Amino acid sequence: MKQFSIECTDFPDALIAWFKVHGRKLPWRATRDPYAILVSELMLQQTQVSTVLFYFDRWMQLFPSTESLARATENEVLRAWQGLGYYARARNLHRAAQVIFWELKNRFPDSIAELKRLPGVGEYTAGAVLSFAFDRPAPIVDANIARVISRIEDIRENIDRSTGRKTIWGVAARYARHGAPRLSNSALMELGALICLPRNPLCKLCPVRSYCRTPDPESLPVRNNRPAVTHVIENYYLALDQNRLLLQMNLGRRWRGLWTLPRLSETPPDGPVASLTHPVTRFVVHLNLYKIAVPAELLPSHEWHFIKDLHSVPIASPHRRVLEMVGPLQASLRAGG
DNA sequence: AACGCGGGGTA
DNA sequence: TACCCAGCGTT
């Protein structure tokens with residue numbers, strides 16, 4: 001039977017000893033409230049720690065419990081999430097709180113299977129809640145841990161493919177059998193965040209370098225190539241009527257529940273009053289804003305909003321940014337964060 | 001088993 | 001610009 005160095009008790013012990021000294025004090029590490037942990041995990045999906053800090057703190061003040069979040073309106077929830085992106089996460093978290101509070105009578109799920117039934121909770125997030133909140137052994141593999149494990153074990157399978165992912169999760173599962181799940185999962189993740197960096201890993205500072213099998217850490221993990229970027233031009237119009245601004249509610253999948261500027265199908269003769277370039281996923285969007293007279297016909301999704309109330313309206317970030325460029329709207333957009 | 005999500009920060 | 005990030009849901 002193949003013996004992995006990760007099974008030696010020395011490895012987790014060395015890692016945890018390092019983590020206790022060098023691990024960051026993050027707000028979601030200072031609590032064992034499963035709701036707070038769940039909030040942090042949803043926010044941290046595909047989003048870096050430094051970005052989440054501000055949103056997490058404000059969210060926990062606005063919605064300190066499953067009950068307060070379950071009772072909130074979708075508009076309030078999306079407004080609190082505004083700027084964090086991937087808004088499906090906000091709706092998932094909202095629905096998860098409603099399921100826990102009403103359907104589960106506010107008893108927080110405490111098994112992988114139950115947690116995965118919550119919207120927005122997959123294998124990773126379920127394991128994170130179980131280990132961080134309940135200190136129960138559960139493997140987790142995020143981008144950090146995938147990188148650490150692939151290097152420690154010199155795994156050269158593509159981690160974007162199912163076989164490669166299976167290999168990594170298998171190692172993580174062996175690792176999770178050792179005690180202190182909260183500490184060991186946190187430590188593994190933190191090693192990836194602080195030492196075992198994607199580029200220029202700090203191997204000379206690594207507390208477990210003697211266990212590391214790869215001769216070439218920077219080549220790992222092996223991942224798919226990124227698709228080429230596609231350039232897109234999008235035109236919108238600025239319609240002001242006295243102290244009101246016309247916005248459009250998104251009803252499709254993209255930005256559902258968020259307001260954007262009303263879409264303009266053709267390019268007007270006069271130049272835009274504001275423009276910005278907005279890279280997102282595999283697109284680069286060139287967004288143009290044209291000033292037009294009050295439109296003759298409004299769509300059902302169109303609605304006038306008082307400019308003084310814009311701070312409480314969830315608006316997609318690029319649209320909020322291009323509106324800030326226009327000038328007189330700045331104060332209303334920024335008030336209330 | 002891929003792919004879309006069309007976000008945001010950093011080197 | 002390219003790349004990365006405490007992934008998930010859908011097809």
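These numbers were taken from a predicted model, which means no experiment stands behind them. Proteins get letters first, then strands, A, B, ... in listed order; numbering begins at 1 in each.
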Compile the donor-acceptor pairs under 3.5 Å between side chains in residues 272-282 of chain A and protein atoms, sequence neighbours left out, one pair per line.
from: Ser275(A); atom 1: OG; to: Asn288(A); atom 2: OD1; distance (Å): 2.8
from: Thr277(A); atom 1: OG1; to: His286(A); atom 2: ND1; distance (Å): 3.4
from: Arg282(A); atom 1: NH1; to: Thr230(A); atom 2: OG1; distance (Å): 3.4

Audit row: Gln82(A), Arg320(A), side chain to side chain donor-acceptor pair (under 3.5 Å) steps and yes/no: CA-CA 10 Å; Gln82(A) 201 272 312; Arg320(A) 188 171 284 273; 3.0 Å; yes
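- Within the 4.0 angstrom heavy-atom criterion, only backbone atoms of the sugar-phosphate kind lie near Ala143(A); the bases stay farther away.
- Atom P of nucleotide dG8(B) and atom CZ of Phe283(A) are separated by 16 Å, given to the nearest angstrom.
- Counting to the nearest Å, the P atom of dA6(C) and the CD1 atom of Ile145(A) are 10 Å from each other.
- Relative to the side chain of Ser50(A), the nucleotides dC5(B), dA6(C), dG9(B) differ in distance, and dG9(B) lies closest.
- With ring centers used as reference points, Phe11(A) lies under 6.0 Å from Tyr175(A).
- Nucleic acid contact for Leu258(A): none, since no nucleic acid atom lies under 4.0 Å from a heavy atom of the residue.
- Nearest to the side chain of His231(A), among dT1(C), dC5(B), dC4(C), sits dT1(C).
- With dG8(B), dA2(B), dC5(B) as the candidates, the nucleotide lying closest to the side chain of Arg161(A) is dA2(B).
- Contact annotation for Arg29(A): base contact, defined as any heavy-atom pair under 4.0 Å involving a base atom.
- Here Trp28(A) and Phe132(A) keep their ring centres 6.0 angstrom or further from each other.
- Here dA6(C) presents its C1' atom at 15 Å from CG of Leu93(A), a figure rounded to the nearest Å.
- Among the heavy atoms of the strands lying under 4.0 Å from Gly83(A) are primed sugar atoms or P, OP1, OP2 only; no base atom is included.
- In terms of the side-chain contact (heavy atoms from CB on, under 4.5 Å) criterion, residue partners of Arg256(A) (sequence neighbours excluded) are, by chain and number, Arg91(A), Arg253(A).
- A sub-4.0 Å separation between OP1 or OP2 of dG7(B) and a side-chain N or O of Thr51(A) is absent.
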Polar-atom pairs under 3.5 Å, protein N or O versus N or O of nucleotides 9-11 of chain C: list them with distances, or write none.
from: dG9(C); atom 1: OP1; to: Gly120(A); atom 2: N; distance (Å): 2.4
from: dG9(C); atom 1: OP1; to: Val121(A); atom 2: N; distance (Å): 3.4

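- Contact check on Arg174(A) versus Glu153(A) returns no salt bridge, with no Lys/Arg side-chain nitrogen under 4.0 Å from an Asp/Glu carboxylate oxygen.
- For the pair Arg89(A) and dC8(C), the criterion of a side-chain N or O lying under 4.0 Å from OP1 or OP2 is not met.
- Listed pair Trp255(A) / dG7(B) meets the phosphate criterion, a side-chain N or O lying under 4.0 Å from OP1 or OP2.
- Position along DNA chain B of the nearest nucleotide to Ala316(A) versus Asn224(A) favours Asn224(A) as the more 5'-ward residue.
- Atom CD1 of Ile233(A) is surrounded by 12 or fewer heavy atoms from other residues, nucleotides or ligands within 6.0 Å.
- Counting any heavy atom pair closer than 4.0 Å across all strands shown, Glu234(A) reaches a base atom.
- The side chain of Thr125(A) contributes an N or O atom lying less than 4.0 Å from OP1 or OP2 of dC8(C).
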Could you go through residues 122-130 of chain A and list every donor-acceptor pair under 3.5 Å that involves a side-chain atom there, pairing it with any protein atom two or more places apart or in another chain?
from: Glu123(A); atom 1: OE1; to: Lys116(A); atom 2: NZ; distance (Å): 2.5
from: Tyr124(A); atom 1: OH; to: Glu41(A); atom 2: OE1; distance (Å): 2.9
from: Thr125(A); atom 1: OG1; to: Gln45(A); atom 2: NE2; distance (Å): 3.1

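- One interatomic measurement links the two molecules: CG of Asp160(A) to P of dC8(C), which rounds to 15 Å at whole-angstrom precision.
- Remark: P of dG7(B) and CG of Leu53(A) are 21 Å apart, rounded to the nearest angstrom.
- Here the closest non-hydrogen pair linking His305(A) and Glu303(A) is CD2-O, 3.3 Å.
- When the C1' atom of dA6(C) is taken as reference, atom CG of Asn144(A) falls 7 Å away, rounded to whole Å.
- Here the side chain of Val280(A) is nearest to one of dC5(B), dA6(C), dG7(B), namely dG7(B).
- Counting only heavy atoms from C-beta on, Asp142(A) has its side chain closest to dG7(C) among dA2(B), dG7(C), dG8(B).
- Glu67(A) meets the salt bridge (charged side-chain N to carboxylate O under 4.0 Å, His left out) test with Arg71(A); sequence neighbours excluded.
- For Arg199(A), taking side-chain heavy atoms from C-beta onward, the closest of the listed nucleotides dC3(C), dC5(B), dG7(C) is dC3(C).
- Separating the CD atom of Gln48(A) from the C1' atom of dC3(C) is a distance of 10 Å, rounded to the nearest angstrom.
- When the C1' atom of dA2(B) is taken as reference, atom CG of Asn225(A) falls 15 Å away, rounded to whole Å.
- For Asn92(A) and Arg95(A), the side-chain atoms include at least one donor-acceptor pair closer than 3.5 Å.
- Contact check of residues 35-47 of chain A against DNA chain C (heavy atom, cut-off under 4.0 Å) returns Glu41(A), Leu44(A), Gln45(A), Gln46(A), Thr47(A).
- Of the two residues contacting DNA chain B, namely Ser162(A) and Arg282(A), the nearest-nucleotide position lying further toward the 5' end is that of Ser162(A).
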